[in-house]
Amino acid sequence: MEIINVSLPDGSVKQYPVGHTALQIAESISHSLAKRVLSALVDNEIWDATRPISKDCKLKLLTWEDDEGKATLWHSSAHLMAEAIEHLYPGVRFWVGPPVENGFYYDIDTGEEKITLNDLEVIEKKMMELVKQNHPYIRKEVSKKEAIEYFKDKKDPYKLDLLEKLNDGDITFYTQGSFTDLCRGPHVPDTGYIKGIKLLTVAGAYWKGDEKNKMLTRIYGISFPKENELKEFLHQLEEAKRRDHRKIGKDLAFFTFSENVGMGLALWLPRGTVVRYELEQFLRKIQNKNAYQPVVTPHIAQKQLYVISGHYEKYGKDSFQPIRTPQEDEEFFLKPMNCPHHCEIYRSLPRSYKDLPLRLAEFGTVYRYEQHGELHGLTRVRGFTQDDAHIFCTNEQVKGEFKKVIDIVLKVFEVFGFKDYVAQVSLRDMENKQKYIGKEEAWEKAEQSIIEAAQEKGLKTKIEYGEAAFYGPKLDFMVKDAIGRKWQLGTIQVDYNLPERFELEYTGADNQKHRPVMIHRAPFGSLERFIALLLEHTGGNLPVWISPQQVAVLAISEKFNLYAEKVVHLLSENNIRVLSDDRNEKIGKKIRESELMKIPFMLVIGEKEKENNLVSVRQHKVGDVGSMSVEEFIQHIKNIVENYQ
RNA sequence: GCCGUGUUAGCUCAGUGGCAGAGCAACUCACUCGUAAUGAGUAGGUCAGGGGUUCAAAUCCCCUACACGGCUCCA
């Protein structure tokens with residue numbers, strides 16, 4: 001019998017007979033491992049675990065722990081869903097059904113039928129029924145001719161369209177039960193591997209993503225190799241829902257929207273506004289220390305400004321339309337960004353190399369006409385305030401400035417408890433350099449500077465080629481929040497375009513005119529987005545220093561309201577944000593409501609406290625922490641507030 | 001913008017062709033209370049807005065506004 005050498009990830013090489021499958025190899029290692037194998041990486045190609053291996057190879061067994069393993073199960077689940085749908089809705093046509101980051105979907109032309117959210121449960125049930133039958137996924141290599149005939153027979157224009165692009169000899173079918181699909185694979189051995197199934201949502205999706213094409217029905221789902229993993233997932237969904245900033249923002253009275261004001265335009269309520277102010281204050285302090293200079297610019301500007309900046313040409317028709325005036329031909333635009341205004345500030349004086357770096361900072365509110373369907377809570381809005389700053393510097397100073405901005409971003413992460421992040425460096429597409437504006441040497445140097453700055457700051461870095469904007473390379477951070485979701489935060493962007501368009505100059509040591517480099521940066525991105533992220537990250541339990549109400553004074557009965565007022569007064573004098581709940585309600589109720597409002601400290605006040613000038617301190621989510629004098633409490637909370645950084 | 005689903009009291013939601021509902025919140029009264037909801041009562045509605053079908057519409061149909069999910073993932 002012929003023998004093949006299989007090298008495993010631990011470096012060992014084992015011999016097996018030709019035609020052994022990954023599954024059999026796993027079985028030879030351990031039975032429990034074999035049960036978990038979903039597919040296998042054979043010489044870096046993903047294979048079915050049941051596909052015979054006939055040559056020496058490197059083998060990695062893929063389980064649920066591997067992304068590729070997950071993808072395999074989800075891909076098989078997509079086929080299973082298609083089979084179930086074909087049973088329930090004979091005659092529907094299928095486009096593609098890939099695994100995605102969190103599950104799978106299938107795009108379906110449902111013809112005359114309509115599949116809605118209400119139908120998902122029935123499809124799920126049918127899927128579970130098919131799971132129990134343990135149908136194997138059978139791989140079959142077919143000729144292009146055979147494949148075309150099969151789908152012609154089935155009158156399936158979609159698969160025929162896919163086949164057009166495929167080469168003969170490269171085509172495989174997978175069949176499980178009664179369903180056969182054109183598919184590269186791989187798949188799990190049989191449907192029994194799919195244990196927990198949840199179909200999540202129905203959506204429309206254009207065929208091939210082109211809005212001129214027909215809209216197909218896309219059904220999203222997710223599946224798991226164990227039922228309790230599904231339960232855990234559903235639990236996490238609940239948790240994410242609970243932490244939804246739109247819900248928390250409403251419950252805690254941070255912000256609201258009004259149909260009369262318009263979609264995507266948040267109204268900040270008093271409590272939310274305090275949070276905004278605290279965030280601004282926090283950054284202002286850091287920026288002052290870092291020699292930023294504050295500026296303020298208007299919310300509108302003449303059309304001319306955006307003609308110069310190029311935004312008029314690029315976004316003119318897809319933006320808020322011009323504001324007209326009694327003056328014929330006069331047009332103003334709402335500002336979609338602060339940079340052009342800041343360029344004008346730069347231009348207002350002759351600049352010397354000695355003035356650089358010039359760092360202009362503004363909490364600038366901008367307006368962008370985001371598409372109707374793009375809007376989402378505070379994360380995608382039509383009016384928002386950027387914690388913007390523009391640094392005008394020489395190309396040589398780019399690296400140093402990046403390092404300083406990285407420090408600020410890392411400070412933000414530290415203070416708000418974002419521990420898991422990766423810096424992403426976006427560079428040019430090296431194959432296609434002509435589409436970028438700016439000088440080759442400048443780009444070269446800036447790209448190098450960013451990489452070095454990130455390295456020297458010890459950042460975990462990922463370099464992405466082709467992700468740079470046409471006007472410059474950038475660095476931004478991908479952070480994970482408390483429940484593991486990824487957010488992009490803290491962009492630092494080099495810009496060669498605007499200095500050019502605004503003809504910005506400085507006089508160098510050589511007495512010649514030079515063009516400065518512009519760096520855009522926004523550690524929070526926008527206050528709206530950052531607060532949304534913060535609410536979801538903390539579940540609404542904000543740090544004390546940023547909480548809109550830090551203390552609630554709760555009198556046990558109306559008899560103690562006078563003393564409560566005195567306590568409120570003492571705390572207020574010490575800049576502690578405090579309110580007294582002087583309603584004629586039971587203490588239990590007052591506590592409950594303060595807890596629900598996530599107020600960090602509650603001071604319970606009754607006979608004992610009044611007699612001895614004490615307060616009984618209850619901490620949010622912790623409970624009663626004992627009593628102390630008012631002065632002690634003031635010191636206690638001041639320590640917490642002042643030591644956040 | 002496109003597809004789908006929604007919009008009922010301040011909030012959360014029930015009501016699917018035949019009298020507009022509940023809990024919480026609000027207001028009034030009683031209770032003056034010790035660490036997550038005191039009790040009783042009162043008030044609160046253009047059922048998102050507009051049009052249509054019907055003897056009769058929150059309910060069915062059409063239009064509009066707003067909200068939610070998706071529209072990048074290529075067998």
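Note: hydrogens, waters and symmetry copies are ignored here, and every other heavy atom, side chains too, is used. In what follows, chains are A, B, ... by sequence order, proteins preceding strands, each numbered from 1.
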Check your understanding: For F254(A), is the NZ or CZ atom of R271(A) found under 6.0 angstrom from the centre of its six-membered ring and inside 45 degrees of the ring axis?
Key -> no
Check your understanding: Roughly how many Å is it from CG in L614(A) to P in G34(B), rounded to a whole number?
Key -> 18 Å
Practice item. Kindly say if R592(A) contacts the phosphate of A37(B), meaning a side-chain N or O under 4.0 Å from OP1 or OP2. Key: no
Check your understanding: Taking OP1 and OP2 of C2(B), is either one under 4.0 Å from a side-chain nitrogen or oxygen of R218(A)?
Key -> no
Exercise for review: Grab the CZ-C1' distance between F173(A) and A75(B) for me, whole Å please.
Suggested key: 10 Å
Check your understanding: Rounded to the nearest Å, what distance is computed from the OH atom of residue Y150(A) to the C1' atom of nucleotide A75(B)?
Key -> 14 Å
Review point. Does R184(A) make a side-chain N or O approach to OP1 or OP2 of C74(B) shorter than 4.0 Å?
Key: no
Set out, line by line, the N/O atom pairs under 3.5 Å between protein and nucleotides 65-69 of chain B.
{"unit_1": "C68(B)", "atom_1": "OP1", "unit_2": "R246(A)", "atom_2": "NH1", "d": "3.2"}
{"unit_1": "C68(B)", "atom_1": "O3'", "unit_2": "R246(A)", "atom_2": "NH1", "d": "3.3"}
{"unit_1": "G69(B)", "atom_1": "OP1", "unit_2": "R246(A)", "atom_2": "NH1", "d": "3.3"}
{"unit_1": "G69(B)", "atom_1": "OP1", "unit_2": "R246(A)", "atom_2": "NH2", "d": "3.0"}
{"unit_1": "G69(B)", "atom_1": "OP2", "unit_2": "R246(A)", "atom_2": "NH1", "d": "3.4"}
{"unit_1": "G69(B)", "atom_1": "OP2", "unit_2": "H376(A)", "atom_2": "ND1", "d": "3.2"}
{"unit_1": "G69(B)", "atom_1": "O2'", "unit_2": "T201(A)", "atom_2": "OG1", "d": "3.1"}

Practice item. Classify the side chain of E609(A) versus the base of G34(B) as yes if they form a donor-acceptor pair under 3.5 Å and no if they do not. Key: yes
Considering only nitrogen or oxygen atoms on both sides, find all protein atoms under 3.5 Å from nucleotides 10-12 of chain B and state each distance.
{"unit_1": "U12(B)", "atom_1": "OP1", "unit_2": "K250(A)", "atom_2": "NZ", "d": "3.2"}

Review point. Hey, does L163(A) reach any base, or is it just sugar-phosphate, or nothing, if we go heavy atoms under 4.0 Å?
Key: nothing
**Study point:** Per C183(A) side chain, nearest of listed nucleotides A75(B), U38(B), A36(B)
**Key:** A75(B)
Review point. What is the distance from CZ of F104(A) to C1' of G70(B), rounded to the nearest Å?
Key: 16 Å
Check your understanding: Less than 6.0 Å separating the ring centroids of F173(A) and Y150(A)?
Key -> yes
Practice item. Give a yes-or-no answer on whether the side chains of E528(A) and T379(A) include a donor-acceptor pair shorter than 3.5 Å. Key: no
Review point. Any idea which of U35(B), U38(B), C33(B) is nearest the E585(A) side chain?
Key: U38(B)
Check your understanding: Does the side chain of Y174(A) pick up a donor-acceptor pair with the side chain of D48(A) at under 3.5 Å?
Key -> yes
Point to revise | Exercise: do D109(A) and Y158(A) side chains pair donor with acceptor under 3.5 Å | key: yes
Taking only N/O atoms, report every protein-nucleotides 28-30 of chain B pair under 3.5 Å with atom names and distance.
none

Practice item. Report the distance from atom NE2 of H75(A) to atom C1' of C74(B), rounded to the nearest whole Å. Key: 11 Å
**Study point:** Closest to side chain of K589(A), choosing from A37(B), U35(B), C71(B)
**Key:** A37(B)
Revision key, fill the gap. Between E595(A) and L166(A), whichever has its closest RNA chain B nucleotide further toward 5' is E595(A)
Review point. Of the nucleotides U38(B), G34(B), C2(B), which one has an atom closest to the side chain of Y206(A)?
Key: C2(B)
Review point. Just by distance, with hydrogens left out, do E229(A) and W64(A) show a side-chain donor and acceptor under 3.5 Å apart?
Key: yes
Study note, to complete from the structure: Regarding the side chain of S557(A), the nearest nucleotide among U32(B), A75(B), A36(B) is U32(B)
Point to revise | Interatomic distance where OH belongs to Y174(A) and C1' belongs to A75(B) [whole Å] | key: 11 Å
Study note, to complete from the structure: Here the distance between atom C1' of C71(B) and atom CD of Q371(A), to the nearest Å, is 10 Å
**Study point:** Side-chain donor-acceptor pair present, R139(A), Y137(A), cut-off under 3.5 Å
**Key:** no
Check your understanding: Between K159(A) (NZ) and A75(B) (C1'), how many Å, whole number?
Key -> 6 Å
Check your understanding: Is it the case that D107(A) and Y206(A) place a side-chain donor and acceptor less than 3.5 Å from each other?
Key -> no
Point to revise | Nucleotide nearest I591(A) (side chain, heavy atoms from C-beta), chosen from G34(B), C71(B), A36(B) | key: A36(B)
